[in-house]
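Remarks on the structure that follows.
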Number of protein chains: 2
Amino acid sequence: MREFKRKFRVLLIDDNADHLRGVKELITLESSYDVVGTTTSANIGINLAKKYRPDIILMDINMPEKDGLQAIQEIEKLNLGIKVIALSGYDDSDLIFRAMKIGAKGYILKTMASAQLIYAMDEVAAGKIYLPTALTSRFFEYFQNSFKEEASSTSEENLLTYLTAREEEVLELLTQGNNYKGIAGKLFISETTVKTHVNNIFQKLQVNDRTQAVLYALNNGFGNKRRTKIAV
Amino acid sequence: MREFKRKFRVLLIDDNADHLRGVKELITLESSYDVVGTTTSANIGINLAKKYRPDIILMDINMPEKDGLQAIQEIEKLNLGIKVIALSGYDDSDLIFRAMKIGAKGYILKTMASAQLIYAMDEVAAGKIYLPTALTSRFFEYFQNSFKEEASSTSEENLLTYLTAREEEVLELLTQGNNYKGIAGKLFISETTVKTHVNNIFQKLQVNDRTQAVLYALNNGFGNKRRTKIAV
DNA sequence: TTTGTCTTACATCTTTGGATTGATAAAATA
DNA sequence: TATTTTATCAATCCAAAGATGTAAGACAAA
């Protein structure tokens, strides 16, 4: 049986009709891609995605009507395996970060050479994630900055280190929303003992109540799973 | 006044003496780099970093004695502006992610061509962050996976959407550790009103007390800065 | 206009939380 | 061995939090 090389199906979403036409022509020249639809509306684009199930979507994310990032997110939620490449006029690190976070498989600037667009599509079609080197650098600046605060705040002094093993157990249960009775039951000790521990925890963490204790714990890397803040 | 083109100072840390020697010779051939030190020990490497203040450190992260990632972290904490490039034998996405998270300016496989190493050093020396395309792809697989769980868990139903604007304000203050009096003072309303709001919040979030409400809020993307869990 | 939601507010009552003091036994440490 | 830390428990007291019901004025939608 002879094997046919299937063409990848592409959907274009861009509110700029001129740019849309240009990209369409460009892609049509490539033998390995078929443009199955074009639209200037993000909402229509989402419906076309459901209908045509393209392999790849090129999505302009600088649209006034609807946020392109939001559109990407909605398409990702459909879980149709559609690979979305973000097209943008800006190499803003925050934009790049957010696009990649919500699942874009690539991010290309509109000013980039057409060859780069095709290359990105080739890579993405092959199951990879593609970001131009320059944008990768931008992304990582943002990415690493997100973690810097954490490192610096941690380096001050972590009052959690003063807690005893038992106190950590109690705090762990506090961070799960337990009250005295719940903690006492889970640790098989009396409620008054829990009170003693909790009071000692308050002293050591220099807080006034359980909510503040829980917040301190979560913000200072309590437990095995460290939670990290990333502004999105 | 005549300007001299300064050579970049490089420190090599690699527990494999053979590899260390090879890399040293390779770099010495380059006119723009000076190897100011080599060592097979991570701990000694950290001390050499303090002493010589190199521009760049090539750090093997697959060392038995001390974890190379930990060493990178310690060097980053020194805040000397030293750019660390991770050298590794593995293109494991988790390793790449962790290295970049703690501030590595690059990640190179030992099996890669020497030209790529030099190119990475050039880029990093110029203040950029460099990851080979293949590793970038790996990184993003891991990165995007970290957020997938969040998206699915969020898609269940976010009870926070039922809160009124005022209730959100109150909850915001709750998540900052305020008690009734504090909230009342900050919103210029009476304490009893705050109680009413808080009780309504409990109903809507289906929780029993403020700690649980705060935990629900933090775990369900409350506020403008959404906190995201990334296992590290 | 009527209906409904939101925000504000108060009263009352019960439960929970937090502070303080004191005490005992085991375990770790000097 | 002597001393300190840790974990356990209790009693008491006051403050804070939480549950419940009621209600008035603002405002928007039907």
Margin query: Using whole Å, what does the distance between atom P of nucleotide D:dT5 and atom CG of A:Leu163 come to?
Written below: 16 Å
Next item on the list: Indicate, with yes or no, if the rings of B:Phe140 and B:Phe97 have centres closer together than 6.0 Å.
Entry: no
Show me the protein contacts with nucleotides 17-22 of chain D, counting only N or O atoms at under 3.5 Å.
| unit_1 | atom_1 | unit_2 | atom_2 | d |
| --- | --- | --- | --- | --- |
| D:dA17 | OP2 | B:Tyr180 | N | 3.4 |
| D:dA17 | N7 | B:Lys195 | NZ | 3.4 |
| D:dG18 | OP1 | B:Arg210 | N | 2.9 |
| D:dG18 | OP2 | B:Tyr180 | OH | 3.3 |
| D:dG18 | OP2 | B:Arg210 | NE | 3.1 |
| D:dG18 | OP2 | B:Arg210 | NH2 | 3.3 |
| D:dG18 | N7 | B:Lys195 | NZ | 3.4 |
| D:dG18 | O6 | B:Lys195 | NZ | 3.1 |
| D:dA19 | OP2 | B:Asn199 | OD1 | 2.7 |

Checklist line | Terminal axis angle for the helix from C:dT1-D:dA30 to C:dA30-D:dT1, five pairs an end, nearest 10 degrees | finding: 50°
Tabulate below the donor-acceptor pairs under 3.5 Å that side-chain atoms of residues 18-26 of chain A make, not counting sequence neighbours, or state none.
| unit_1 | atom_1 | unit_2 | atom_2 | d |
| --- | --- | --- | --- | --- |
| A:Asp18 | OD1 | A:Arg21 | NH2 | 3.4 |
| A:His19 | ND1 | A:Asp14 | OD2 | 2.7 |

Next item on the list: Round to the nearest Å and state the distance from A:Ile183 atom CD1 to C:dG18 atom C1'.
Entry: 13 Å
Notebook entry, point to check: Within the pair B:His197 and C:dT7, is there a side-chain N or O less than 4.0 Å away from OP1 or OP2?
Noted result: no
Check: So, does B:Thr193 use its side chain to make a donor-acceptor pair with the main chain of B:Ile189 at under 3.5 Å?
Finding: no
Item checked: Proximity to the side chain of A:Ser190 - top-ranked nucleotide from D:dA7, D:dA10, C:dT8 -> D:dA10
Margin query: For B:Tyr180, does the six-membered ring have the charged nitrogen or CZ of B:Arg210 within the cation-pi criterion, i.e. under 6.0 angstrom from the centroid and within 45° of the normal?
Written below: yes
Check: Are the aromatic rings of A:Phe202 and A:Tyr216 close, with centres under 6.0 Å apart?
Finding: no
Next item on the list: Provide, to the nearest angstrom, the distance between the CD atom belonging to A:Glu167 and the C1' atom belonging to D:dA7.
Entry: 10 Å
Next item on the list: Could you give me the CA-CA distance, side-chain angles and deciding distance for A:Ile85 and A:Met121, then say whether side-chain contact (heavy atoms from CB on, under 4.5 Å) is met?
Entry: CA-CA 8 Å; A:Ile85 298 177; A:Met121 289 174 62; 4.0 Å; yes
Next item on the list: Send over the distance from A:Ile201 CD1 to D:dA7 C1', rounded to a whole Å.
Entry: 13 Å
Note to self: Looking at every heavy atom in both A:Gly182 and A:Asn179, which two are closest together, and how far apart are they?
What the structure shows: N-OD1, 2.9 Å
Next item on the list: Mind calculating the distance between CG (A:Asn200) and P (C:dT20) to the nearest angstrom?
Entry: 12 Å
Item checked: Spacing of A:Leu131 atom CG and A:Ile96 atom CD1 [to the nearest 0.5 Å] -> 7.0 Å
Note to self: Can you measure A:Arg166 atom CZ to D:dT8 atom C1' for me and round it to whole angstrom units?
What the structure shows: 9 Å
Check: When the distance from CD of A:Gln212 to C1' of C:dG18 is rounded to whole Å, what number comes out?
Finding: 12 Å
Next item on the list: Assess the pair A:Tyr130 and A:Tyr107: is the distance between their ring centroids shorter than 6.0 Å?
Entry: no
Margin query: Below the 4.0 Å mark, does C:dA9 have OP1 or OP2 next to a side-chain nitrogen or oxygen of B:Thr193?
Written below: yes
Note to self: I want to check one thing: is the phosphate of C:dA9, taken as OP1 and OP2, less than 4.0 Å away from some side-chain N or O of B:Thr192?
What the structure shows: no
Notebook entry, point to check: Starting at CG of A:Leu205 and ending at P of C:dG18, how long is that distance when rounded to a whole Å?
Noted result: 13 Å
